[in-house]
Amino acid sequence: MEQGLASGAWFAFSPQEWTAIALSLKVATIGSLASLPFGVAMAWLLARRQFPGKLLVNGLVHLPLVLPPVVTGWLLLIGFGQRGWFGHALDACCGIVFSFRWTGAALAAAVMGFPLMVRAIRLSIEAVDARLEQAAESLGAPPLAVFFTVTLPLALPGVIAGLILGFAKAIGEFGATITFVANIPGETQTIATAIYGYTQEPGAETSVVRLTLVAIVIAFGALIVSELLAARVSRRAAEL
Amino acid sequence: MIEIDVALRLGAFALEARIAARGRTLAICGASGAGKTTLLNVIAGLLRPSAGRVAVDGTTFLDTAEGVDLAPRHRRIGYVFQEPRLFPHLSVAQNLRYGQRYAPSARRLVDFDAVTSLLGLDALLTRRPAGLSGGEKQRVAIGRALLVSPRLLLMDEPLSSLDDARRLDILGYIEKMRDAFSIPIVFVSHRVSEVERLASDIAVLDQGRLVEMRAGGAALPSSS
């Protein structure tokens, strides 16, 4: 390993490592973007509406945060596997297959990131002055227009922060992913599951270190962007 | 004709008022906590009373007995709130035009340029609300409500943040609006001078009850 460090070959990523990095970025990007509309809708519901069973819905949204990831992964396997109720229905109607595919990794990432995403967006929606929404309503705006012209623009930095948190969580996701879609190079092997694989392999330490550094850089970058946006939100709130 | 007959309970506070104003301009006076803003919110549809009726010039906004309850956006009311409530992410011009896009063009009776010049907003159009003074913000809020071409204008202490010169200007403009487009106005005020100059009817509230009704209207017994 020390020889590798000295010669500079240390930085040479193997094709399998590149594949894992690319797949991680794809899975995290698609997983977080696809769950964003649901996250915004759920956050708005929790921030602005009172309805029976709200406590239960809130609990379900946060469940992946506190459950062992392997349990979430197993539940996804039961529900969205080929014989699972949703998995079967989605395959039959739209040809969407999750089990042992990268799409399944994206689904696992989305589910695991969802609580963090909803939480950030919910806080930013709650920070929007409801009296501004009332003013918009009194000026003739229908509810959807109030949301898109007042609530969403004012909550936007929080929405972006939520998206980035969801993305960062997706990059780091391991337990649910490996349980649901295994660790298939080129199909479901992400940075996290690849690192796990390399740790089981004698002599693959340099791969572990390289991928670990990549994971740190991506996660840290995402957190910094999210922090900067949060600071912008509180500055704007102070202006009002 | 402005008809209001409401009963509403908010925690320990109860509002019960029955007002019929025959004139075009109804002033609602009373100490703070008398229920003036609550009454405006009921008229605007932002608060729903347990029982009551609100009608303006033959259009019923609310009639709990008949099951009528128009959504705020269908009442076509221009509401000038006590605080300006401008949209901070929009420019002054975008704030002013906000309600216009939801009003069919056939119904737009109020001209944008006339409003901006009379309220002295021409120089402010590209600015953001955060950079405006209190009086400027309030003028934008009044302009925004006028540009809805409302069926009824609600004003909650609209002139309290303005200096005397602007106050007179805007009072004059409100009178012109009322006369030119015959827009009925309900406004809340502490200032007797404002009330006397503008109002054809004056309702005095105390602790949620109508205690006095003057001029064009007649005091009616409370609906309890």
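A note on names: the letters A, B, ... follow the listed sequences, proteins ahead of strands, and every chain is numbered from 1.
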J.: Is it true that a side-chain atom of B:S50 and a backbone atom of B:A7 form a donor plus acceptor pair closer than 3.5 Å?
T.: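 Judged by distance alone, yes, a pair lies under 3.5 Å.
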
J.: Give, as side chain, backbone, both or neither, the part of B:Q100 having an atom under 4.5 angstrom from any heavy atom of chain A.
T.: neither

J.: Taking it one step at a time, do B:L39 and B:V188 satisfy side-chain contact (heavy atoms from CB on, under 4.5 Å)?
T.: CA-CA 10 Å; B:L39 192 60; B:V188 159; over 6 Å; no

J.: Is a side-chain donor or acceptor of B:S200 paired with a backbone partner of B:T25 at a separation under 3.5 angstrom?
T.: yes

J.: Starting from the C-alpha separation in whole Å, work towards a yes-or-no answer on side-chain contact (heavy atoms from CB on, under 4.5 Å) for A:R210 and A:F13.
T.: CA-CA 8 Å; A:R210 279 196 293 266; A:F13 287 91; 3.7 Å; yes

J.: For each of A:S138, A:P143, A:P142, tally heavy-atom pairs with chain B at distances under 4.5 Å, and name the one with the top tally.
T.: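 Among A:S138, A:P143, A:P142, the one with the most close pairs to chain B is A:P142.
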
J.: Taking every non-hydrogen pair under 4.5 Å, which of B:H74, B:E83, B:R76 racks up the most with chain A?
T.: B:E83

J.: Side chain, backbone, both or neither: which part of B:R101 has a heavy atom under 4.5 Å from chain A?
T.: side chain

